[in-house]
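Everything below concerns the one structure shown next.
By convention in this document, chain letters (A, B, ...) are assigned in the order of the sequence lines, proteins followed by strands, and residues within each chain are numbered from 1. Computation of the quantities below employed the complete heavy-atom set of this structure, encompassing side-chain atoms and omitting hydrogens, waters and symmetry-equivalent molecules.
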Number of protein chains: 2
Amino acid sequence: MGDVSVAKNWRLPVMGDVARLAGVSHMTVSRVLNEPDSVRPETRERVLLAIEQLGYRRNSAARSLVTRRSQTLGVVCFDTTHHGPASMLNGIVHATEEAGYAVSVASLRRLTADAATQAVQRLVHQSVEGLVLIAPQAVEAMAFVRALPTTLAVVAVENALPTVTSVSVDQVLGARLATEHLLSLGHETVHHVRGPADWSEANGRVEGWMTALEANGRPVPRELAGDWSAASGYAAGRKLARDPRVTAVFAANDSMALGVLRALLEAGVRVPEDVSVVGFDDFPEAAYVTPPLTTVSQPFREVGRQSIEILLGEVEGGAARGASAVIPPELVVRASTAARRR
Amino acid sequence: MGDVSVAKNWRLPVMGDVARLAGVSHMTVSRVLNEPDSVRPETRERVLLAIEQLGYRRNSAARSLVTRRSQTLGVVCFDTTHHGPASMLNGIVHATEEAGYAVSVASLRRLTADAATQAVQRLVHQSVEGLVLIAPQAVEAMAFVRALPTTLAVVAVENALPTVTSVSVDQVLGARLATEHLLSLGHETVHHVRGPADWSEANGRVEGWMTALEANGRPVPRELAGDWSAASGYAAGRKLARDPRVTAVFAANDSMALGVLRALLEAGVRVPEDVSVVGFDDFPEAAYVTPPLTTVSQPFREVGRQSIEILLGEVEGGAARGASAVIPPELVVRASTAARRR
DNA sequence: GCTGCCTCTGATAGCGCTAACATACCATCC
DNA sequence: GGATGGTATGTTAGCGCTATCAGAGGCAGC
């Protein structure tokens with residue numbers, strides 16, 4: 001590590017400084033850094049020593065100016081304070097770093113086409129080489145994707161945009177697992193508290209739930225609308241609690257499931273004795289709520305990993321669009337579900 | 001918006017292209033972009049029109065190469081899948097974007113000096129102009145901060161590093177509020193489930209709790225160790241449940257509080273009738289767990305905003321180190337606490 | 001010994017932008 | 001009318017790197 005103490009007008013060492021110290025030309029330094037094998041071992045050692053002594057690091061701006069590569073990926077996301085999106089972002093950041101790329105994050109404040117376009121523009125302007133979209137599929141809001149430079153590699157997460165490669169958890173399967181689990185416990189049918197209609201996750205879960213009911217010839221009750229929040233789950237739960245025919249509820253995420261649990265409890269409905277409840281996400285506290293929540297676990301890390309893998313395939317491999325990936329979730333059975341008794 | 005359809009070997013428009021189209025020199029284009037008032041309105045309009053027609057955007061690499069400014073801030077964080085860190089990151093990203101800077105994120109995989117140094121190096125290498133550290137204060141692991149280029153502006157969040165400006169929530173105050181709330185309900189003393197010792201948040205909360213007990217002349221029970229997870233809270237809760245003298249518990253975060261709740265419930269201890277429990281964080285589900293959790297709400301957004309404000313003050317204002325800020329949290333009373341009865 | 005052909009290193013020219021200075025032009029003043 | 005000055009624009013020289021080609025040196029072959 002070079003000398004870090006610093007005079008007022010210090011200049012970071014540049015390639016020329018290293019070259020002078022090593023007694024070579026700056027081109028040789030560049031070669032040591034870019035294609036070490038093309039330099040005689042002896043020379044290479046001298047250069048590496050000089051680099052070490054000066055604490056030299058290449059200037060990335062200069063480098064990307066000439067190579068036209070920024071070694072940066074952009075992530076567009078929305079509200080990452082909740083467990084699902086946060087984990088997804090986390091997975092993506094880790095995978096990106098592992099691949100030696102930097103991550104630039106743009107977070108949408110509102111789900112409008114305008115906000116999305118601006119975010120993408122900002123990232124494009126930063127010369128990102130690829131883009132990960134974790135924002136929900138407000139179809140209209142996402143039309144902007146067509147305005148993207150066609151050279152830019154894009155992967156959408158949980159977002160089946162027609163023209164874009166996507167990586168997603170198999171929401172339909174997850175919902176089927178949840179619903180079938182409840183049916184297998186002897187429940188006549190399953191009620192559903194759904195997520196917002198402009199999230200494809202929400203729609204996938206509705207689809208899986210319906211499919212499972214229909215495949216088993218069960219009546220499909222009217223779904224209740226939620227907005228992912230525990231408060232909306234609570235509101236839905238109050239309605240469900242009033243209907244004595246309800247014995248099984250599948251909430252589209254754990255927060256809403258928690259709200260349902262709360263509402264049922266307050267109404268004197270016992271879980272799982274009277275009503276069974278299943279969530280979705282398997283957030284870290286799911287095993288410790290009362291009662292411990294049966295839910296569907298999403299492999300967020302894996303989604304992050306695969307998105308980046310595909311994205312970098314496009315970035316480095318050329319224009320070819322990678323194949324979309326779908327990753328299966330898993331049902332985790334805990335204590336909020338039981339055989340029908342009511 | 002210029003023509004986006006693209007031939008195979010398209011070259012993005014550069015300043016010279018705009019200049020040619022507008023019939024000026026590239027310097028005038030640069031001026032229109034950087035100091036519009038120095039250009040005659042008539043000329044300016046011509047240039048702006050040309051920019052629009054070509055869909056021109058300045059090349060940020062070239063720009064930052066010559067200005068030595070990247071308009072990018074770096075964030076070092078650790079495990080942002082939980083509500084607290086995720087919200088903090090979110091607040092910081094929003095504030096940074098609002099200020100017109102890009103955000104580059106580096107996420108630590110492990111809390112070691114090595115990982116931290118590498119993360120910082122990566123960001124420095126990306127020429128970030130300032131650094132926000134949201135990583136916990138593993139004092140030893142953070143020694144690397146001294147190795148930072150002294151020219152780099154740094155703000156630590158929740159991390160009282162001696163030589164670095166910091167922004168934090170007043171953990172001591174929050175813990176005092178929680179503890180005093182419990183004492184005011186008639187509890188003789190309050191037991192504490194603490195967070196890991198290498199997190200300054202955890203230590204601040206221990207301090208506030210102790211201070212409150214001592215100020216009121218109460219015995220200070222031995223604290224129980226936790227690791228922020230609900231599982232560790234559960235383990236602590238089982239111990240607490242065995243001790244009939246325990247009537248009030250302050251857990252250092254909501255997850256652990258949830259674990260405590262669960263353990264007490266399983267042991268047949270009623271909350272809040274037999275034992276009162278307070279958490280910390282006010283995570284979004286806190287109002288819907290059973291019973292709704294009394295907790296301390298942290299102003300994450302505000303912390304993000306202030307960190308960036310201070311950081312940009314340093315970045316743009318020169319070398320002067322900004323004053324550290326401490327933001328007060330608030331007690332939110334719900335149903336997990338009640339007057340002593342046991 | 002000269003040619004040919006490797007391997008390694010150096011000189012040079014940009015990448016696209018801004019900083020700094022140069023110039024043209026017009027208005028102003030004595 | 002020429003010196004003065006202010007304003008709008010142009011010219012030039014880099015920022016720190018990589019790409020490209022040129023050159024130096026070594027070694028084989030005839």
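Between C/dT18 and B/Arg58, a contact under 4.0 Å exists linking OP1 or OP2 to a side-chain N or O. A/Arg63 has no side-chain polar atom (N or O) that falls below the 4.0 Å cut-off from OP1 or OP2 of D/dG16. Proximity of A/Asn34 to the phosphate of D/dT18: a side-chain N or O atom is located under 4.0 Å from OP1 or OP2.
Counting to the nearest Å, the C1' atom of D/dG10 and the CZ atom of B/Arg20 are 16 Å from each other. Distance, A/Met15 CE to C/dA11 P: 16 Å, rounded to whole Å. For the pair A/Glu42 CD and C/dC8 C1', the computed distance is 12 Å after rounding to whole Å. Note: CG (B/Leu33) to P (C/dG16) measures 16 Å, nearest angstrom. In this structure, the CG atom of B/Asp17 is 13 Å from the C1' atom of C/dC15, given to the nearest Å.
Each of C/dT18, D/dC17, D/dG10 was ranked by its minimum atom distance to the side chain of B/Arg31; first place goes to D/dG10. If you check C/dT18, C/dC8, D/dA19 against the side chain of A/Met27, the one that comes closest is D/dA19. Residue A/Ser25 places its side chain closer to C/dG10 than to any other of C/dC15, D/dT9, C/dG10. For B/Arg68, whose side chain is taken as the heavy atoms from C-beta onward, the closest listed nucleotide among D/dG16, D/dT18, C/dA19 is D/dG16. In the set D/dG16, C/dT12, C/dT18, C/dT12 carries the atom at the smallest distance from any side-chain atom of A/His26. Of the candidate nucleotides C/dT18, C/dC17, D/dG16, D/dG16 has the atom lying nearest to any side-chain atom of A/Asn59.
Among the protein residues, A/Thr28 comes within range of the sugar-phosphate backbone only, with heavy atoms under 4.0 Å from sugar or phosphate atoms but none that close to a base. Among the protein residues, B/Thr43 comes within range of the sugar-phosphate backbone only, with heavy atoms under 4.0 Å from sugar or phosphate atoms but none that close to a base.
Remark on DNA chain D: of its neighbouring residues B/Leu65 and B/Asp37, the 5'-side contact belongs to B/Asp37, judged by nearest-heavy-atom nucleotide. Where A/Val39 and B/Glu35 each meet DNA chain C at their nearest nucleotide, the meeting point lying more 5' is that of A/Val39.
The backbone N or O of B/Val169 sits less than 3.5 Å from a side-chain atom of B/Glu158, completing a donor-acceptor pair.
Taking 4.5 Å as the limit, some side-chain heavy atom of A/Val128 sits within range of a side-chain heavy atom of A/Thr72. In this structure, the side chains of A/Thr80 and A/Val105 stay at 4.5 Å or more apart for every pair of heavy atoms. By the 4.5 Å heavy-atom criterion applied to side chains, A/Arg109 and B/Glu98 are counted as neighbours.
The CD atom of B/Gln71 lies 6.5 Å from the CZ atom of B/Arg63; values are rounded to the nearest 0.5 Å.
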